Undergrad: 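Take this structure, written in structure tokens, and hold onto it; I'll ask about it next.
The first residue in the sequence is number 1, and the count goes up from there. Just so you know, these numbers come straight off a predicted model, no measurement behind them.
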Amino acid sequence: MKQKDSHILYYISPYILGILLLVIFAILKLFFKIDYLNLKGLKDVLNSVISFVSIVIGFYSAFYGMIISVHKSNFFVSLQKSKYKDVLPNQLYCSLIFAFLALVLTIALQVLMNYAFWLSYVIYFSWAFVTGVFMTYAFLTSILSIAIIFYSDPLSKKIEDLK
């Protein structure tokens with residue numbers, strides 16, 4: 001696979017997983033009549049998603065602090081000169097946006113899962129898509145944080161940079 005192809009795949013993979021999860025939920029509804037009204041264990045899943053999203057949002061906050069502390073490292077200096085300089089800000093924006101969307105939709109679904117009307121279905125299927133996108137972005141951001149930790153060189157900073 002060419003590097004350009006893998007770069008495009010990196011951008012679209014969250015949306016591919018979101019669509020895949022949406023299709024799975026639609027198949028469950030259309031062919032097996034399983035939805036938010038009768039999916040056993042959904043309440044536990046929603047509680048777990050809220051916990052996980054909250055942890056990830058906390059991780060993002062710490063991650064942004066880490067980025068501030070290593071922004072003058074060799075890794076970031078070379079990143080700013082590369083053709084991928086817009087990838088990091090874009091990924092961080094999307095990660096945070098989808099984390100909050102997943103949190104809000106999960107809370108809304110917890111309330112609306114007791115009512116069978118069209119808005120509940122819109123929230124349910126939107127939640128499936130957003131949760132898939134969020135999970136992928138959470139994974140990609142974790143990989144990115146590992147790369148930043150291991151490829152930045154904070155020991156080579158000058159004393160003046162630390163002030």
Side-chain angles (χ1 to χ4, degrees), residues 1-26 36 42 45-112 119 121-163:
M1 185 183 296
K2 294 183 217 170
Q3 187 170 358
K4 183 170 174 91
D5 292 340
S6 65
H7 182 65
I8 290 170
L9 186 62
Y10 187 81
Y11 268 123
I12 65 170
S13 63
Y15 303 100
I16 290 172
L17 187 62
I19 290 169
L20 180 66
L21 200 57
L22 178 62
V23 167
I24 289 170
F25 277 57
Y36 69 93
L42 183 61
V45 170
L46 295 175
N47 288 331
S48 297
V49 169
I50 287 176
S51 297
F52 181 69
V53 171
S54 299
I55 290 168
V56 169
I57 290 172
F59 167 79
Y60 287 161
S61 299
F63 182 60
Y64 299 148
M66 181 185 72
I67 289 173
I68 291 169
S69 68
V70 297
H71 79 279
K72 292 185 181 180
S73 69
N74 293 336
F75 176 82
F76 275 97
V77 170
S78 62
L79 180 65
Q80 288 301 323
K81 295 175 184 175
S82 78
K83 62 182 178 181
Y84 300 113
K85 68 181 178 182
D86 295 328
V87 171
L88 178 62
N90 182 46
Q91 181 175 341
L92 295 178
Y93 290 136
C94 290
S95 297
L96 192 59
I97 288 167
F98 277 97
F100 278 105
L101 275 174
L103 183 62
V104 168
L105 288 174
T106 304
I107 292 169
L109 188 56
Q110 278 186 320
V111 173
L112 295 175
L119 182 60
Y121 282 104
V122 170
I123 298 292
Y124 175 67
F125 288 113
S126 299
W127 175 80
F129 173 76
V130 168
T131 301
V133 174
F134 158 72
M135 297 293 254
T136 310
Y137 271 126
F139 177 72
L140 293 175
T141 304
S142 299
I143 290 172
L144 181 64
S145 68
I146 291 169
I148 290 172
I149 289 169
F150 288 107
Y151 294 111
S152 63
D153 189 11
L155 296 178
S156 68
K157 290 182 181 180
K158 296 181 181 178
I159 298 297
E160 293 85 25
D161 291 342
L162 296 176
K163 294 182 180 178

Undergrad: Please list, chain by chain and in numerical order, all residues satisfying side chain to side chain donor-acceptor pair (under 3.5 Å) with Thr141, sequence neighbours excluded.
TA: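 Result, side chain to side chain donor-acceptor pair (under 3.5 Å) vs Thr141: Gln91, Ser95.
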
Undergrad: For Val104, give me all partners under side-chain contact (heavy atoms from CB on, under 4.5 Å), at least two apart in sequence or on another chain.
TA: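 Partners of Val104 by the side-chain contact (heavy atoms from CB on, under 4.5 Å) criterion come out as none, since no residue qualifies.
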
Undergrad: Can you list everything that forms a ring-ring contact (aromatic ring centres under 6.0 Å, His included) with Phe59? Sequence neighbours excluded, please.
TA: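 For Phe59, the residues satisfying ring-ring contact (aromatic ring centres under 6.0 Å, His included) (neighbours in sequence not counted) are Phe63.
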
Undergrad: State which residue, out of Val49, Ile123, Val45, fulfils the side-chain contact (heavy atoms from CB on, under 4.5 Å) condition with Leu109.
TA: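 For Leu109, the side-chain contact (heavy atoms from CB on, under 4.5 Å) check succeeds only for Ile123.
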
Undergrad: For Tyr64, is the OH atom crowded, meaning more than 12 foreign heavy atoms sit under 6.0 Å from it?
TA: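 Counting neighbours around OH of Tyr64, more than 12 heavy atoms of other residues, nucleotides or ligands fall under 6.0 Å, so yes.
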
Undergrad: Which heavy atom in Ala99 sits nearest to a heavy atom in Val53, and how many Å separate them?
TA: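 For Ala99 and Val53, the tightest heavy-atom pair comes out as O-CG1, 3.2 Å.
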
Undergrad: Sequence neighbours excluded, which residues qualify as side-chain contact (heavy atoms from CB on, under 4.5 Å) partners of Ile50?
TA: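 Checked Ile50 against side-chain contact (heavy atoms from CB on, under 4.5 Å); matches are Ser54, Leu103, Thr106, Ile107, Gln110.
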
Undergrad: Tell me, please, which residues at least two apart from Ser13 pass side-chain contact (heavy atoms from CB on, under 4.5 Å).
TA: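 Partners of Ser13 under the side-chain contact (heavy atoms from CB on, under 4.5 Å) test: Thr136, Leu140.
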
Undergrad: The criterion is side-chain contact (heavy atoms from CB on, under 4.5 Å); which residues satisfy it with Ser126, sequence neighbours excluded?
TA: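 With neighbours one apart ignored, the set is Leu105, Val122.
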
Undergrad: Donor-acceptor pair, distance only, cut-off 3.5 Å: does the side chain of Thr131 make one with the backbone of Ala128?
TA: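 Flag not set: sc Thr131 to bb Ala128 has no pair under 3.5 Å.
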
Undergrad: Going from CG on Leu96 to CG on Leu101, what distance comes out if it is rounded to the nearest 0.5 angstrom?
TA: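 The distance works out to 10.0 Å.
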
Undergrad: Of all residues at least two apart in sequence or in a different chain, which pass the ring-ring contact (aromatic ring centres under 6.0 Å, His included) check with Tyr124?
TA: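 Residues passing ring-ring contact (aromatic ring centres under 6.0 Å, His included) with Tyr124: Phe25, Tyr36.
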
Undergrad: I'd like to check the ring-ring contact (aromatic ring centres under 6.0 Å, His included) partners of Phe52; sequence neighbours left out, ordered by chain and number.
TA: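 Phe52: ring-ring contact (aromatic ring centres under 6.0 Å, His included) contacts with Phe134.
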
Undergrad: What residues, two or more places apart in sequence or in another chain, satisfy side chain to side chain donor-acceptor pair (under 3.5 Å) together with Tyr15?
TA: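 Side chain to side chain donor-acceptor pair (under 3.5 Å) check on Tyr15 returns Tyr137.
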
Undergrad: Closest approach of Gly132 and Leu17, non-hydrogen atoms and distance?
TA: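 In this case the closest contact between Gly132 and Leu17 is O-CD2, 3.6 Å.
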
Undergrad: Report yes if the side chains of Leu21 and Phe129 come closer than 4.5 Å at any heavy-atom pair, otherwise no.
TA: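 No, every pair of side-chain atoms sits at 4.5 Å or beyond.
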
